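Keep in mind that the numbers below use all heavy atoms, side chains included, and drop hydrogens, waters and symmetry copies. The chains referred to below are lettered A, B, ... by the order of the sequence lines, with proteins before strands, and numbering in each begins at 1. Computed from a predicted structure; not experimentally measured.
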Protein chains: 2
Amino acid sequence: MTTRQPRTWSGRRPTLEEVAAHAGVGRGTVSRVINGSPRVSERTRAAVEAAIAELGYVPNNAARALAGNRTDAIALVVPEPERRFFAEPYFSDIVHGVGIALAETEFQLLLTFAGSDRERQRLAQYLAAQRVDGVLLVSVHADDPLPDLLEQSGMPAVISGRRSAEETLTSVDSDNFGGARDAVAHLVARGRRSIATITGRLDVYGAQRRLDGYRAALVEAGREVDEELVCPADFTEEGGRQATAELLERRPDVDAVFAGSDVMASGARQVLRSAGRRIPQDVALVGFDDSAIARHMDPPMTSVRQPIEEMGREMTRLLIEEIAAPGRRRAGAAGRRGREQLVLPNALVVRESS
Amino acid sequence: MTTRQPRTWSGRRPTLEEVAAHAGVGRGTVSRVINGSPRVSERTRAAVEAAIAELGYVPNNAARALAGNRTDAIALVVPEPERRFFAEPYFSDIVHGVGIALAETEFQLLLTFAGSDRERQRLAQYLAAQRVDGVLLVSVHADDPLPDLLEQSGMPAVISGRRSAEETLTSVDSDNFGGARDAVAHLVARGRRSIATITGRLDVYGAQRRLDGYRAALVEAGREVDEELVCPADFTEEGGRQATAELLERRPDVDAVFAGSDVMASGARQVLRSAGRRIPQDVALVGFDDSAIARHMDPPMTSVRQPIEEMGREMTRLLIEEIAAPGRRRAGAAGRRGREQLVLPNALVVRESS
DNA sequence: CAGTACTGTGGGAGCGCTCCCATGTGTGAT
DNA sequence: ATCACACATGGGAGCGCTCCCACAGTACTG
């Protein structure tokens with residue numbers, strides 16, 4: 001550990017006390033003005049504001065944080081290395097949504113990467129050091145201990161997606177079930193007979209829900225679910241390829257594939273192509289995420305779009321709500337304990353692959 | 001020693017004072033241990049560290065910041081909207097470099113966007129509120145008032161690139177002059193006779209230096225600089241297209257183009273192609289930045305690579321240095337006042353377009 | 001006209017640290 | 001043994017705020 005040194009630069013800034021003296025009022029009154037308390041007369045408020053402007057006063061945040069036990073900052077925790085964060089448009093959209101929601105508040109956003117274990121450790125320290133009032137968690141892996149850690153600590157937190165049907169943290173998710181159901185219903189409406197699905201890792205709750213949606217759509221169409229058409233994979237392109245190869249062998253009559261992610265769909269497409277199947281003439285293909293992959297695929301691919309920016313906005317809104325009313329829990333549908341679980345609708349974007 | 005569980009973080013956290021009581025020492029001693037002061041005996045240090053571990057003590061940063069007048073945080077200020085930030089690999093590399101340099105320190109990184117005026121205003125407040133010890137400025141526009149603002153305030157700051165030949169802030173730049181000179185020398189060596197250049201906005205210092213490098217390479221090769229071959233543009237693809245179209249009209253004999261950025265080179269390529277010029281047979285093309293554009297162009301394009309990650313590392317190193325030794329100025333080449341101006345070498349990456 | 005209920009205001013008491021001075025306590029030289 | 005001077009240590013004095021209690025002033029009640 002290194003020795004710390006005082007780090008002072010440039011001249012002293014005016015303090016609350018100085019503003020108070022300048023305005024001829026007490027310290028408390030200036031504080032009230034700064035914090036927008038209604039218990040200040042118009043005259044006094046004007047005088048104080050003039051003094052603030054004249055001295056160029058800006059409150060010292062460290063002091064506010066210490067005295068008020070709050071920081072006016074929230075952290076967006078990304079349990080990924082920087083590179084992946086920048087590579088995926090998902091994060092960009094989330095950050096944008098968060099930024100929009102935050103613009104109307106006094107909160108500052110801290111972007112925190114926790115890709116390596118070392119970074120995770122520092123993060124835990126950081127959060128414990130009470131540098132933020134709340135945490136937004138995105139892209140959480142199933143085995144990540146961070147959410148539980150946060151929950152135990154009582155730190156307000158909102159998670160994107162749910163870890164299970166009984167998520168205990170406040171969460172914002174997209175309607176994976178509905179999105180998948182719509183996609184498959186679309187394939188049914190297009191007259192496809194043998195509709196297969198390639199799933200993501202089923203220990204990821206969202207992947208499970210997409211599979212559930214697939215099943216529901218078939219049942220609603222009065223069809224039976226043929227388990228031979230359900231191909232488990234792992235969200236990767238290679239997984240998509242492999243699952244598709246096996247599928248073609250098992251069920252050469254397949255005429256539609258609903259993939260649980262665009263990336264897996266991309267793998268599927270490669271195998272379908274090299275097997276001589278035309279898209280969409282022989283086999284229709286639908287993905288999930290509506291990422292750049294879907295738009296740039298040849299042919300452009302039908303995919304389920306998640307309202308990611310809106311998710312970012314809603315996460316932020318819920319987090320701020322939770323910070324404002326700590327410990328408050330909202331009644332769930334069943335009226336039992338639990339924090340809010342917000343689910344936003346997805347939209348099917350139809351393109352030429354189906 | 002009993003391996004009692006560190007108390008969970010819920011509720012009140014232990015304070016310095018409590019740790020001191022637990023270890024049977026004074027407050028000051030615990031502070032010294034935490035801050036790595038050498039003036040503590042081994043025995044005492046061990047006792048304190050045990051108490052810290054047992055209580056799960058983590059220092060309160062707000063209190064530290066207030067008492068010590070420092071925050072252990074630096075801000076990376078990006079005067080761009082989020083979208084562009086994520087879109088450009090430049091930023092990703094910078095952040096990565098910064099992260100590497102920071103990993104060995106206690107500093108936390110704050111990512112701050114200041115794309116809109118509103119965000120700029122908040123940023124100024126933020127900095128004034130003493131939330132950070134220093135600022136890294138990247139991608140600063142020529143007319144941005146922020147650098148001057150920071151300089152006036154005395155806040156330690158490091159800028160990427162220079163705003164002019166006499167940059168007054170500490171800066172880290174790549175050798176635009178040398179990179180351009182190498183690129184053009186390479187074209188000369190390839191036997192090209194009429195070498196044109198498409199420049200970026202010349203009020204951007206880096207663009208000017210690239211043009212200077214172009215000229216120097218020609219002079220060094222014993223050639224005259226033909227001003228008809230110098231095409232001013234604006235860093236955009238459209239600008240590259242337009243400049244190239246005019247160039248072809250003015251000087252149909254052109255057999256090489258050095259563009260001041262890959263994006264402009266991409267525009268140039270389109271026009272050259274549609275004019276029936278083959279690359280590299282008829283016209284050689286060299287870009288600047290070595291971005292994804294260069295690698296994925298058809299044919300893959302020769303380009304000047306900037307050591308962006310290293311720039312991020314060096315910026316961070318210099319900033320921390322400046323924070324540690326406030327007000328210190330390093331002697332420039334002329335022995336006059338001025339902060340360090342670091343210039344890192346560029347490398348020409350030769351591909352098939354030249 | 002006392003009694004009650006406000007509203008507006010001042011300022012004490014911390015928040016949890018760091019800084020620094022005063023006070024031990026041990027070492028070596030004389 | 002005596003002095004000098006290290007080093008180790010305890011704790012007071014803030015850092016600049018927010019919180020909250022006390023009190024003055026004003027405006028209604030009955």
Is [X] side chain donor-acceptor paired with the [N] base, going by distance under 3.5 Å alone?
| X | N | result |
| --- | --- | --- |
| A:R45 | C:dG8 | no |
| A:R43 | C:dG8 | no |
| A:R27 | D:dT18 | yes |

Value in whole Å for how far the [atom2] atom of [N] lies from [atom1] of [X]:
| X | N | atom1 | atom2 | result |
| --- | --- | --- | --- | --- |
| A:R39 | C:dG10 | CZ | P | 14 Å |
| A:R70 | D:dC19 | CZ | P | 6 Å |
| A:E42 | C:dT9 | CD | P | 10 Å |
| A:L66 | C:dG14 | CG | C1' | 9 Å |
| B:I52 | C:dC17 | CD1 | C1' | 13 Å |
| B:N60 | C:dG14 | CG | P | 18 Å |
| A:R64 | C:dG14 | CZ | C1' | 18 Å |
| A:E17 | D:dC17 | CD | C1' | 10 Å |

Let me know which of B:D148, B:D144, B:D143 forms a salt bridge (charged side-chain N to carboxylate O under 4.0 Å, His left out) with B:R163. B:D148

5' priority, DNA chain C, between A:R32 and B:L16 [closest heavy atom]: A:R32

Using modelled atom types only, decide if a donor and an acceptor are shared between the side chain of B:Q341 and the backbone of B:V172 within a distance under 3.5 Å. no

Going by side-chain contact (heavy atoms from CB on, under 4.5 Å), A:V33 matches just one of A:T44, A:V19, A:V25, A:V48. Which one? A:V48

Name the residue from A:L16, A:I34, A:T71 that meets the side-chain contact (heavy atoms from CB on, under 4.5 Å) definition with A:R64. A:I34

Are [X] and [N] close enough that a side-chain N or O sits under 4.0 Å from OP1 or OP2?
| X | N | result |
| --- | --- | --- |
| B:N35 | C:dT18 | yes |
| B:T44 | D:dT9 | yes |
| B:T29 | D:dT9 | no |
| A:S41 | C:dG8 | no |

Taking A:D173 first and then A:R162, would you say they form a salt bridge - that is, a charged N and a carboxylate O separated by under 4.0 Å? yes

